[in-house]
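Reviewing the structure listed below.
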Amino acid sequence: MTRDGGPADRWAVAVADDGSARYCPLTREGAAAAEPRTAPDVAGALRAAPPATRWVWRSTAEVAPPATGVHVARCHDVEAAEAVLLGHEGAFGEPRGLPAAFARLRGLPVPADRPAAAPGEGQPSLFEGAGLFGGAGRPGLPPGTDPLGALLEVYGGQLRRTAATRHPGRLTLLLAAESAGMLVAAEMDAAGLPWRADVHLALLDELLGPAPPGGLEPRRLTELAAEVSAAFGFRVRPDLPAQVLAAFRKAGFPVRSTRSWELRQLDHPAVAPLLEYKRLYRVHTAHGRAWLRSWVHEGRFRARYVPGGAASGRWTTNGGGALQIPRVVRRAVRADPGWRLVVADAAQLEPRVLAAVSGDPALAEVAGQDGDLYAALSRRLFAGDRERAKLAVLGAVYGQTSGEGLRHLAELRARYPLAVRYVDDAAEAGERGRLVRTHLGRTCPPADAGAGDAGSADAFPESGEAPAGRGAAARARGRFTRNFVVQGSAAEWALLMLAALRRSLAGTPAELVFFQHDEVIVHCPAEQADAVSEAVRAAGEAAGRLAFGPSPVRFPFTVAVVESYADAKG
DNA sequence: TGGACCGGCGCC
DNA sequence: AAAGGGCGCCGGTCCA
């Protein structure tokens, strides 16, 4: 996936407005190695090159590989790469589109990116991108520019920018992984997750009562709301936190919020129906009949994955909430008759990643076995108390600041100083406003690039103050960057794992249908399930070696072969 | 009327 | 006194 055997195994293709495609093989430096040719459509271009070709293109979404019917082994998605490179260069606000990248190279005014396609349709509206050079509804290249030429110019520039970094090999790997992720995402979007609407509807009937006509509130919710009101002695709408809060206070319970964990501790008859109401209300609003109508068609739930959608490199989705499928509705995710779902969950991924990236030999030794990492850790450090071991690790990764966890963390620090120092350093860098990168080089956006006043660390310059003396915003920033290096490096492992798995499933009937941070689902014929399970395990180990180099750390999966997603333990 | 924000909760 | 990171989505409220 990352080894380019020779110059001619990279080709480039540019899609014109009329759907035709200009393409050519490339030299090592990314220049045209032969006179470009034109095919009437993308598929024609893709068929012209050898099967193992790495295709360089503007964006995977534009080429839409699944729609061409041609298997693409590898690609370099220029716009995805541009986003990573801009981040690495500290230019987070810059547009990442090909026209913008081209303009930066040429010193021209930089056009804004094309807005994301409206949900449901891929076509930008007539008005979008009507600014600079905005030809046929999208921000374009300067008039008269050859799209393939511009693509190659930007690509060549990316190769040079990558080579100029401190760890060009790592960044090259990250760009390849990100592009592989774009391919996987496009294919999973097209395949969809097998989803039985009939099972889902039966489940809703069971939980909420039969569907009331006209979109009224499900019967069970109405009943529970009545129970809540009865318990208080006056009408309370359970879906209005302010009302619930007032009701509890009136009853003599000084609660601060209506969060479930807080209500659970109260001794009041309204609590039980209220908690049940919250649980069912959530199912109703987030994964009820309306969701089913919007998102499940022809037996598949088609999400729209956004690789790298989160700052850490984790994926997000656009609508449908594919990464938040509640456990209760997983019953509706069912393999086709005669097929199975291979549900594979990377076991204790984040501590394993921490062991690998930090190079802590003692922790690597613990992570060098396939068994439960927390149990193994607890045998060495916490007298066999797995929960304490887990709390200590999570405290290190998330930035524990108080309580039991903090003491456990201190013990962890004493025994595994390199591992804990790795995340402590990331936290300190964040607090001081310095750059923080993942193992392969994905760079943490600055504090002010995201949510509101998350707090620019610059507001708290190194003043010699103890960390406790710095602002709360700086400490929050430290927790963010502390977690970023682990979560982000784990996301890189996951990308490489996906890429390896995709490659080993190519040409078989098996299809990757789901990915969620550290978990994949492959849908395959029953007789293929064992081979797929093995392929997943192999992909995990390969990803570990590729991402982190030689290391004793193992990356095992918990694998379940099931007919329903609900039957995988999770 | 629509956007921004919030409380709350689902997943990792 | 409280003190864990990342997301998306819902329905609500507030406000222009």
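Lettering of chains follows the sequences in order, A, B, ..., and the numbering in each one begins at 1. Every value quoted in this text rests on a predicted model; they were computed, and no experiment measured them.
With sequence neighbours excluded, the residues forming a side chain to side chain contact (heavy atoms under 4.5 Å, CB included) with A:Arg537 are A:Ser533, A:Glu534, A:Val559, listed by chain and number. By the ring pair (Phe, Tyr, Trp, His ring centres under 6.0 Å) test, A:Phe248 is found to be paired with A:Phe232, A:His268, residues two or more places apart in sequence or in another chain being considered. In this view, A:Glu223 and A:Arg219, A:Arg220 satisfy the side chain to side chain contact (heavy atoms under 4.5 Å, CB included) rule, not counting sequence neighbours. Residues satisfying the ring pair (Phe, Tyr, Trp, His ring centres under 6.0 Å) criterion with A:His517, sequence neighbours excluded, are absent altogether. With sequence neighbours left out, A:Phe557 forms a ring pair (Phe, Tyr, Trp, His ring centres under 6.0 Å) with A:Trp493. The side chain to side chain contact (heavy atoms under 4.5 Å, CB included) test applied to A:Thr316 returns A:Val306, A:Ala310, not counting sequence neighbours.
Sorted by residue number, the members of residues 235-269 of chain A with any non-hydrogen atom under 4.0 Å from DNA chain C read A:Arg237, A:Asp239, A:Leu240.
The nearest whole Å value for the distance from the CG atom in A:Asn483 to the P atom in B:dC12 is 16 Å. Distance, A:Arg327 CZ to B:dC9 C1': 14 Å, rounded to whole Å. Following rounding to the nearest Å, A:Leu274 (CG) and B:dC9 (C1') show an atom-to-atom distance of 14 Å. With rounding to whole Å, A:Glu519 atom CD is found 14 Å from B:dG10 atom C1'. Whole-Å rounding puts the A:Gln324 CD to B:dC12 C1' distance at 9 Å. Going from atom CG of A:Leu394 over to atom C1' of B:dC12 covers 12 Å, rounded to whole Å. In this structure, the CD atom of A:Gln487 is 17 Å from the P atom of B:dC11, given to the nearest Å. As rounded to whole Å, 6 Å separates atom P of B:dC11 from atom CZ of A:Arg330.
When heavy atoms are screened at a 4.0 angstrom cut-off, A:Ile325 is found touching the sugar-phosphate backbone but no base atom. Using a 4.0 Å heavy-atom distance criterion, A:Ala322 is classed as making no nucleic acid contact. Counting non-hydrogen atoms under 4.0 angstrom, A:Gln516 reaches the backbone sugars and phosphates but no base. Contacts of A:Phe484 with the nucleic acid, taken as non-hydrogen atoms under 4.0 Å apart, are absent. As judged by a 4.0 angstrom heavy-atom cut-off over every strand, A:Ser312 is placed among residues making no nucleic acid contact. At the heavy-atom level, A:Gly309 lies nowhere under 4.0 Å from the strands shown. Residue contacts for A:Arg479: at a heavy-atom cut-off of 4.0 Å it reaches the sugar-phosphate backbone alone, with no base atom in range.
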Do any side-chain atoms of residues 251-260 of chain A form donor-acceptor pairs under 3.5 angstrom with protein atoms, and if so which ones, sequence neighbours left out?
residue: A:Ser257; atom: OG; partner: A:Arg259; partner atom: N; Å: 3.2
residue: A:Ser257; atom: OG; partner: A:Glu262; partner atom: OE1; Å: 2.9

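Taking the six-membered ring for Trp and the full ring otherwise, the centers of A:Phe548 and A:Phe555 sit less than 6.0 Å from each other.
Remark: A:Lys278 is in phosphate contact with B:dC9, judged by side-chain N or O atoms under 4.0 Å from OP1 or OP2.
For DNA chain C, the outermost nucleotides in 5' to 3' order that have an atom under 4.0 Å from a heavy atom of chain A are C:dA3 to C:dG12.
Here OG1 of A:Thr317 is found 9.0 Å from CZ of A:Arg304. Values are rounded to the nearest 0.5 Å.
The aromatic rings of A:His200 and A:Trp291 lie tilted to each other, with the angle between the two planes from 30° to 60°.
Rounded to the nearest Å, the gap between the P atom of C:dA1 and that of B:dC9 is 25 Å.
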